[in-house]
Structures are given as structure tokens and as C-alpha cells.
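Protein chains get the first letters and strands the later ones, always in sequence-line order, with residue 1 at the start of each. Predicted model only: the values in this text are computed from it and were never measured.
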Number of protein chains: 2
Amino acid sequence: MARSPSDTRRPLTLRDVSEASGVSEMTVSRVLRNRGDVSEATREKVLEAARTLGYVPNKIAGALASQRVNLVGVIIPSLSNLVFPEVLSGISAELEDTGLQPVVGVTDYSPEKEERVLYEMLSWRPSGVIIAGLEHSTGSRAMLENAGVPVVEIMDVDGPGVDAVVGISHRRAGRQMAEAIVAAGYRKIGFLGTKMPEDHRARKRLEGFREGLEEAGIPLTDTEFYAGGSALLKGREMTEAMLARTPELDFLYYSNDMIGAGGLLYCLEKGFDVPGQLGLAGFNGVELLDGLPRQLATMDACRHEIGRKAAQIVAARAATPGPGGEIIELQPVLERGDTVRMR
Amino acid sequence: MARSPSDTRRPLTLRDVSEASGVSEMTVSRVLRNRGDVSEATREKVLEAARTLGYVPNKIAGALASQRVNLVGVIIPSLSNLVFPEVLSGISAELEDTGLQPVVGVTDYSPEKEERVLYEMLSWRPSGVIIAGLEHSTGSRAMLENAGVPVVEIMDVDGPGVDAVVGISHRRAGRQMAEAIVAAGYRKIGFLGTKMPEDHRARKRLEGFREGLEEAGIPLTDTEFYAGGSALLKGREMTEAMLARTPELDFLYYSNDMIGAGGLLYCLEKGFDVPGQLGLAGFNGVELLDGLPRQLATMDACRHEIGRKAAQIVAARAATPGPGGEIIELQPVLERGDTVRMR
DNA sequence: CCGCGCTATGTTAGCGTTAACAATGGGCTT
DNA sequence: AAGCCCATTGTTAACGCTAACATAGCGCGG
């Protein structure tokens, strides 16, 4: 397993293994990749030699020679959002035994950083790219179009994609929530969400939500936006601020579950009648909500499933090149929880 | 930016750019890497050509030729733990302008998977490896020893490392918490934590905690372990179960903040006198706690700082090879919050 | 016992880039 | 005007591996 004799720290190559086992480099390569016919005897001899030397193949050289790279670039805005790790887990699970490996890049919701990360990724010539969102800089879009590999844009289907798209309609999700709220009889509605101008999905949810309310002839009574900080705490603070400013509100729609949870905790503490006097809802369906004193109404964003489907598309096309352009719209499900009254 | 004429989808190479700009490949390479002297005129000509073609350099070939890879492998057990994304953010921040790029691998707390991920990473010949924990399989350890690149084991300093180590002493952290609890006058103490046998850091905290109690002549009255599921919910359920079984408990020490938060919510709901009759504490110092109705006592695990320091070590040694073996022990700080009484 | 068709192994020629060194040429010194 | 230097550009040979083809040996049918 080690390299005791003459440890000159010259990195090991196929040649070392080939010399140690008395066969050609090609044969060693074949053994190590399980490709082509090799007799059982040589196979074992080679594996033994590789193991005692502690040889680790050089994929850089391998990739250059074979023009194949078993990496899939995954570009997401953030890792601290909870949502994206879940998408990632779907991707990893699906890629598990395809021989492909996800490589993650984080953009911090910045189009410039996205462009840099994408450039960096493409320079490794991955077998595919999975990227969050449909909105990209001109440069990024051009790179995606010319990459010559499968591209899957995820999370969102409200808009044109470069190639394949897997996600939900956030606009529709917002609208559906509006309809449910109106149907439950709430009339004075407030929205609380992120300020981030680059969070297009939150924006689309709000737009859909507004549309849904408008159709019922109900205005959006108040809005409040935040940026940064502990989401749970922000939810709490924003709720307090909004209710102080607009006490007549009877429903609060939060752009994500975390601030919604903060709001819920605040309302319960204050002894408000939830959902009787005041209804609450969030978005995403994060696991965290299960542990709250009351179930916050939410809408599952199909995060794991989005990851799986996206990975499937990449894996399928890495195996057999096809035309591409698949559009998969998943349907988020409204989970009413305990914070929307029944009628 | 695009590739309109004769779009044969042959991947672009340096040669294409060199032909388009009328200089040699070498000169193009120099321009694109800002290396060596190139006249301003050619520089612009080349950049222009590269831009209009939409050329993206092939780092695989570059890395093979130069024997330099600007990647740092980061191997962590999980992304859904909240703790690790924070470590990652420290690493990214520090690596930001070193030209190095983190590449993340996830082990799911499995030594076998760790070994596979490590092998995969090393096969890309990264400039360094940052890996969580000190406990590895024999194979992994051998790979780390022979990798010939800087290795930084993070999170934990309780034990021997392969090369550099950055972390806190979880044993000491457990002991400190025990001392604080005893000093506050609590005597009937329960521990709630993960069952995962591979979470060595949680184990060490428990060991240290036990030691600390023993020294004060106080036994650990009850323990409860869980695996999987929503941590917040589990915390709630375990707390209920434990208090039903052992009602005389006056303190609950949770192995992480998430289950601690669940426990706190449960206790508040039940109207228990916290911290008077029942004290609570968690571990990690996650941001989430800020939004809770009451501040849970916890101990900051210095996650961001650990990431930064580890990245610093790798970056420094990638620039100037040194001896290695740095050991950096950070000191977690007890944050008493509102759930440990003052005396 | 010849040669066909295997299977097992070896040989050759890149993959696209960069390190190292070589060449070119114009200006400047003497 | 010869020679030299420097800035700039080009040439050559890897880097470590794999695709594609070549070869060696061996059993076996006719």
C-alpha cells in the first residue's frame, strides 16, 4: 500500500506499475479500467502491483487521451439555502452508478460569478452541465450554447432554456397559493420575501401570487423584503414590523419556509389565533418544518426530484447522444399544514 | 462570442485561435495565461480572436503539460448538516484569489465512500486535500500519506493527523460543557445525540462530557440516540421520550443545535421552567438559533474559521512547498444563551 | 499439419497544452 | 558598421494516458 523502497517522490505512472508487474502499460491500463480481455492471471498480477505501489491513475492524462471526462458540472447559487443541497443529493443519487461525478460550483446569486464559475467548469470539459435558473448573462448563455455538451437548467420552467429544462413553474406556484388563500376566505394579505434582485424564482412567485390575487379582485395589502442574516430571525422581525404597520392583515405569505417558520414562532408566542385570525404560508417544504409546534402551510418544490431528473437527462445523453431540449415541468403540491384555515 | 461559420462542432483548440489570429499556438497560450512578454498589439489580436470564436481553454491538456492543477479537494461527510457548508464558505472565501478552486466530495459518513471519493479526487492530482476528521480507513490513510500534496484534516484535533490539522478539541468541548453545567448546579443530566457510529466528533464530545461529569462525581443519568429524519422533530420526540422515562432530569445536553432546538421548542410548549427547573444546551452555534423564542446555550465550533485556516495552509504550501504538519487548535466559546441558569 | 479464428498482449500515434530552449529582428552601443 | 542585447515570437518535446491497430500464440476442424 505504501512506497517504501527508493521513495524519491516521483509521482507514480502506469510505467511503474507495468515494470513492477512485467506487462505493458497498455495491459495495466486495461486492467485498471476493466476494459478489454485480460487473463485472470495477469489481472491479478497487475492489481497486486498497483496496490503495493499505491498507484492512483492520472485522470488528467486519461481524459486527454480518451476525450472523455466523467464529470458533470453543477452550478447553484448557494449551499446555505438548504434547498440546493437537496437538489444535489438527488443528482448524486442518480449519478451514483453511471460513472459520472458531480462537481459543484457556487455563484452566490451573482451573474458575474456564475460566468466565471461556468468558464472554469467548461475548461475541464465536463460531460454535462446542470445549472440553476434560466436567467444568465449573455456570456454565460453563449458558453452554454457552444459548450457542445448536454445542459440542463433546473428549478424553474418559466422562460426559454438553452437546452433541457427541469423544474416547476414558480409563477404558477404563487398563483396557486393565492387561489388557496382566497378560497379560504382571507382578504388582507401581506407578502414577505428576499430583496435579492437576482432571486428570479422568488420574484416569479410573487408575480404569480399578485396575479392570482388580482384575478379575485384582491390587492396585495403590504410587502416587506429583507437581505442577509438569519432567515428565522428575519422572519420574526419582519412579521413583527409588518403587523405593527398593518394590523388588519389576516394572511402572511412568506417567500421561503425559513422566514415563514420565524413568523410562525413569533405569532404563536404572541398568542395570535393561527389560522383563525391570521393565516400563514411559506414555500419549499423543507424538512425542518416537521419539528415546528405547528405545521406551516407550504408548497413542496420537488427539489430532490428535480435533481434526479436533471441527472437522468445528463446521464442518458452522455451514454447516447440525442437531440436534447427536454422540458420537464414538475407539479409542486400544496401542503396545507395547520396554518391555513379550512374554509 | 458564438461560432457561426462552418459550425462543425469540432471542439475549439489553441490552434483554431492561433490560425484566426495569425500567431503561433504558444503565443496564444501566453496571452491567455498572461504569462511571458507579448506585445500589446498581438495580445489584443489574440484576445479578440479568442472571444469571437468563443474559445474556452482546455485545462485538462494544460494541467497535463504543466503538471499543475488549480484544484483543492474538499472531502466532507454531508452537505445537509449546515455545519459543512459553513466550513466550505470559509474555504471558498480564503481561496478566492489564490487561483485555487475547491472541489467538494461527500462521504455520507461512510469510510468506504470516503475512500472512493478520495481515490477519485487524487486521480485528478489536486494541489491539496482538505478532509474532515482524523479517522480514516487504512486505504484512505495510505493514499493521504502518499499523495505528495498538502493534506489538512479539519474539525477535530483529538488524535494524530497525517499532515496538517485544523480544528477544535471536541473532547475538551464536551468537558467544558459538563463543567459549566455542574457549576450552574444541575445534577441529573441527560445526553441526546446521534447514533451514527461514524460521527467521531459527537462521540468525543460525549466522552469528554462524561469525563467532566465524573470528575465532579456526577453520573450521566440517561442517554438517548437517534439516526436519520428531521433533526428538529427528532429532538422534540427524544426529549419527550426521555423526560417521560426519567422525569427527575434537570439538564439535557444535545449533541447538536438542531435537535437541541427541537427539544427547546418542546419544553417551551409544555411550559417547563427553562432554565430554572430544566437546563438545555446544544452544540455548534448555528445561525438558526438566533430566531428561536429563547437562545439555546451552545458552543461555537468555529466552522468558518476552520475553513479559512485550512485553506490558508493549502494555499501557502501550494505557493511555497514547506515541511507541513501544522496543528492549529481553535477554541470554541461557550455561549450561555437563555437556557442555562446563572447559578 | 495448415491455416483460420480466437484470445491475450504489445506498438504506435496522438489528445491539447506548456516548459524550455531557439530564433528573429530592430535598436543601440561603440 | 559590426556586434550585442533585449523584447518578442516560434519550435520541439514532453506530460501520462488510451484508441486503434498489429502481432503472437494456441486450439481446432478439415
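Using a 4.0 Å cut-off between a side-chain N of Lys or Arg and a carboxylate O of Asp or Glu, B/Arg116 and B/Glu120 do not qualify as a salt bridge. Between A/Glu48 and A/Arg51 there is a salt bridge, with a side-chain nitrogen of the basic residue lying less than 4.0 Å from a carboxylate oxygen of the acidic one.
When the shell of 6.0 Å around CZ of A/Arg15 is examined, it contains 12 or fewer heavy atoms from other residues, nucleotides or ligands.
Contact annotation: the side chain of B/Val152 never approaches that of B/Glu326 to less than 4.5 Å [non-hydrogen atoms, C-beta and beyond].
Each of A/Ile60 and B/Val38 lies near DNA chain D, and the nucleotide nearest B/Val38 is the one positioned closer to the 5' end. For B/Ala65 and B/Arg30, each mapped to the nucleotide of DNA chain D holding its nearest heavy atom, the one lying further toward the 5' end belongs to B/Arg30.
In plain terms, the two heavy atoms of B/Pro11 and B/Asp16 that are nearest each other are O-OD2, 4.0 Å.
Phosphate contact (OP1/OP2 of C/dT17, side-chain N/O of B/Gln67, threshold under 4.0 Å): absent. Look at A/Arg68 and you'll find a side-chain N or O under 4.0 angstrom from OP1 or OP2 of D/dA19. Side-chain N/O atoms of A/Arg33 include one lying less than 4.0 angstrom from OP1 or OP2 on D/dT18. Between C/dT9 and A/Thr42, a contact under 4.0 Å exists linking OP1 or OP2 to a side-chain N or O.
Atom CG in B/Leu14 sits about 13 Å away from atom P in D/dG10, given to the nearest Å. Computed from coordinates, the A/Arg43 CZ to C/dT7 C1' distance equals 14 Å when rounded to whole Å. In this entry the distance linking CG of B/Asp16 with P of C/dG16 reads 9 Å, nearest Å. Summarising the geometry, the separation between CZ on B/Arg35 and P on D/dT9 is reported as 17 Å, rounded to the nearest angstrom. Atom pair B/Leu32:CG and C/dT18:C1' shows a separation of 13 Å (rounding to whole Å applied). In this structure, B/Trp124 places its CH2 atom 15 Å from P of D/dG16, rounding to the nearest Å. Remark: P of D/dT8 and NZ of B/Lys45 are 13 Å apart, rounded to the nearest angstrom.
Interatomic distance, B/Ile75 CD1 to B/Leu118 CG, rounded to the nearest 0.5 Å: 4.5 Å.
Among the heavy atoms of the strands lying under 4.0 Å from A/Asn58 are primed sugar atoms or P, OP1, OP2 only; no base atom is included.
Of the candidates C/dA8, C/dA20, C/dG16, C/dG16 carries the atom nearest the A/Leu64 side chain, counting heavy atoms from C-beta on. With D/dC17, C/dT9, D/dA19 as the choices, the nucleotide that has an atom nearest any side-chain atom of A/Ala61 turns out to be D/dC17. Between C/dT9, D/dT8, C/dG16, one nucleotide has an atom nearer to the side chain of B/Asp37 than all others, and that is D/dT8. Out of D/dT9, C/dT9, D/dT18, the shortest distance to the side chain of B/Ser39 is found at D/dT9.
Side-chain atoms of B/Ser127 come within 3.5 Å of backbone N or O of B/Val69 as a donor-acceptor pair. When atom types are taken as modelled, the side chain of B/Thr42 and the backbone of B/Ser39 share a donor-acceptor pair closer than 3.5 angstrom.
Side chain B/Arg125 to base D/dG16: no donor-acceptor pair is found below 3.5 Å.
Of all the residues in residues 18-28 of chain A, A/Met26 reach under 4.0 Å from DNA chain D with at least one non-hydrogen atom.
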